[in-house]
Every structure is written in structure tokens, then in C-alpha cells.
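I have placed the structure first, in the form of C-alpha cells, so that the comments after it can refer back to it.
Residue numbers start at 1 and run along the sequence shown. These numbers were taken from a predicted model, which means no experiment stands behind them.
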Amino acid sequence: MTCSECGAPTVLFSVPTEYRTDAPSAAAVVSFCTRCLSLEPAPRSDRDGAETDEGAPAATATTPDFERVSDAFPTRPERAVPFALALGLCPSLATNRTAIELLLREVEGAGGDPLLLLERLSDDPSVEPAFDLERRRHQLEQLLY
């Protein structure tokens with residue numbers, strides 16, 4: 001699947017129930033762009049095997065390949081999923097402030113350093129976010145600490 005914003009490849013992943021309200025359209029499965037870091041609900045045709053008939057994530061043998069985003073991106077789902085969701089909300093920081101803060105605290109609680117991850121992502125030339133990543137990092141630092 002490719003990103004509707006920039007045409008780059010995307011990573012498809014299931015959104016755990018506790019994070020659905022932070023996913024676009026409360027989707028159970030989303031696609032995350034490896035270049036512009038945009039997040040959108042996955043088209044129905046791409047969801048096969050990623051969720052059950054009831055809309056809950058299915059237990060799959062494969063883990064989303066977040067390494068395709070950047071070497072700086074977390075690979076463990078307990079860090080990567082909330083981090084990807086937070087990045088997807090970053091273009092509207094004022095509107096999504098509380099959700100972003102909670103998601104980044106989840107990343108931190110899972111052993112990740114969200115500010116360091118943001119810094120490393122901003123240094124990666126293959127990542128071209130649809131928002132000013134350095135500016136957001138500074139704003140999120142003020143928000144979190």
C-alpha cells in the first residue's frame with residue numbers, strides 16, 4: 001500500500017482497543033507512511049487478516065515492520081504503535097494535545113524516550129514529515145516536562 005499524501009510505502013498495523021479513539025476515524029487498522037509520517041485508516045481491501053469480523057485485531061504471526069520507517073523508529077509494538085499514533089496527531093497539536101501527551105507517556109512507560117526518538121527521526125534524511133518535526137519536538141518537550 002502507498003500513502004495517499006506522498007505516494008511512499010506505508011506500514012499497516014492493528015490498533016489496540018485502548019488506542020482506537022486516537023486512531024483516524026477510530027479505525028482498527030491503520031496505515032502509517034514511511035516518509036511523511038501521516039496516518040490514515042487502512043482501506044478495507046488491505047485489512048484482510050489484520051482484524052477479525054468483529055473489528056478487533058486478530059492475533060497474527062507477523063509484527064508490523066516499523067523498521068521500514070527509519071532506523072530511529074521503535075520496533076517493539078508496545079512503543080511503536082503509540083508513537084506512530086502520536087505522530088499521526090502531531091499536525092494538529094493544539095487539538096490533540098491531551099491524546100498526544102498520553103500516547104507519548106505510553107511510549108515512555110514501555111521504556112522508550114519519545115523526545116530522543118523525535119530527534120533521531122528529524123535527523124533521518126529519508127523522513128520528510130508533513131509537519132515541522134523539530135518544532136513539534138520542542139513543543140512536546142515543553143508539554144511533557
Could you tell me whether R120 atom CZ has more than 12 heavy atoms of other residues or ligands within 6.0 Å of it?
no
For S25 and A27, indicate whether the former's side chain and the latter's backbone hold a donor-acceptor pair under 3.5 Å.
no
Give me the atom names and distance for the closest heavy-atom approach of A110 to E78.
CB-O, 3.8 Å
Give a yes or no answer on whether the side chain of R35 reaches the backbone of S126 with a donor-acceptor pair at less than 3.5 Å.
no
Between E5 and S38 the two heavy atoms that sit nearest each other are CG-OG, 3.8 Å
Option from E134, E141, R135 for which side-chain contact (heavy atoms from CB on, under 4.5 Å) with R137 holds
E141
Please name the pair of heavy atoms, one in V107 and one in F83, separated by the smallest distance, quoted to 0.1 Å.
CG2-N, 3.6 Å
Sequence neighbours left out, what passes side-chain contact (heavy atoms from CB on, under 4.5 Å) with P9? Give chain and number order.
T34, R68
Decide side chain to side chain contact (heavy atoms under 4.5 Å, CB included) for L115 and L104; before the verdict, give the C-alpha distance in whole Å, the side-chain angles of both, and the deciding distance to 0.1 Å.
CA-CA 9 Å; L115 297 177; L104 293 180; 5.9 Å; no
Could you work out, with side-chain contact (heavy atoms from CB on, under 4.5 Å) as the rule, every residue matching A130, not counting sequence neighbours?
C36
Between V30 and F13, is a side chain to side chain contact (heavy atoms under 4.5 Å, CB included) present by the stated rule, with each step listed?
CA-CA 6 Å; V30 296; F13 66 92; 3.3 Å; yes
Straight-line distance of L118 CG to D123 CG, nearest 0.5 Å
11.0 Å
Let me see the working for L87 and L133 under side chain to side chain contact (heavy atoms under 4.5 Å, CB included), right down to the final yes or no.
CA-CA 9 Å; L87 288 172; L133 190 56; 4.2 Å; yes
Taking it one step at a time, do Y19 and T17 satisfy side chain to side chain contact (heavy atoms under 4.5 Å, CB included)?
CA-CA 5 Å; Y19 300 136; T17 306; over 6 Å; no
Has D22 got a side-chain atom pairing as donor or acceptor with L85's backbone, closer than 3.5 angstrom?
no
Under 3.5 Å, side chain of R136 to main-chain N/O of C90, donor-acceptor pair present?
yes
Of all heavy-atom pairs between G88 and L39, which one has the smallest distance, and what is that distance?
CA-CB, 3.9 Å
Output the distance between atom CZ (R97) and atom CG (L140), rounded to the nearest 0.5 Å.
10.0 Å
Heavy-atom pair with the smallest gap, counting every atom of A84 and F32:
O-CE1, 3.7 Å
Inspect the contact between E108 and R105 and indicate whether a charged nitrogen and a carboxylate oxygen are less than 4.0 angstrom apart.
yes
If you compare all heavy atoms of L12 against all heavy atoms of P64, which two are closest, and at what distance to 0.1 Å?
O-CB, 3.8 Å
Are the side chain of S92 and the backbone N or O of L89 linked by a donor-acceptor pair below 3.5 Å?
no
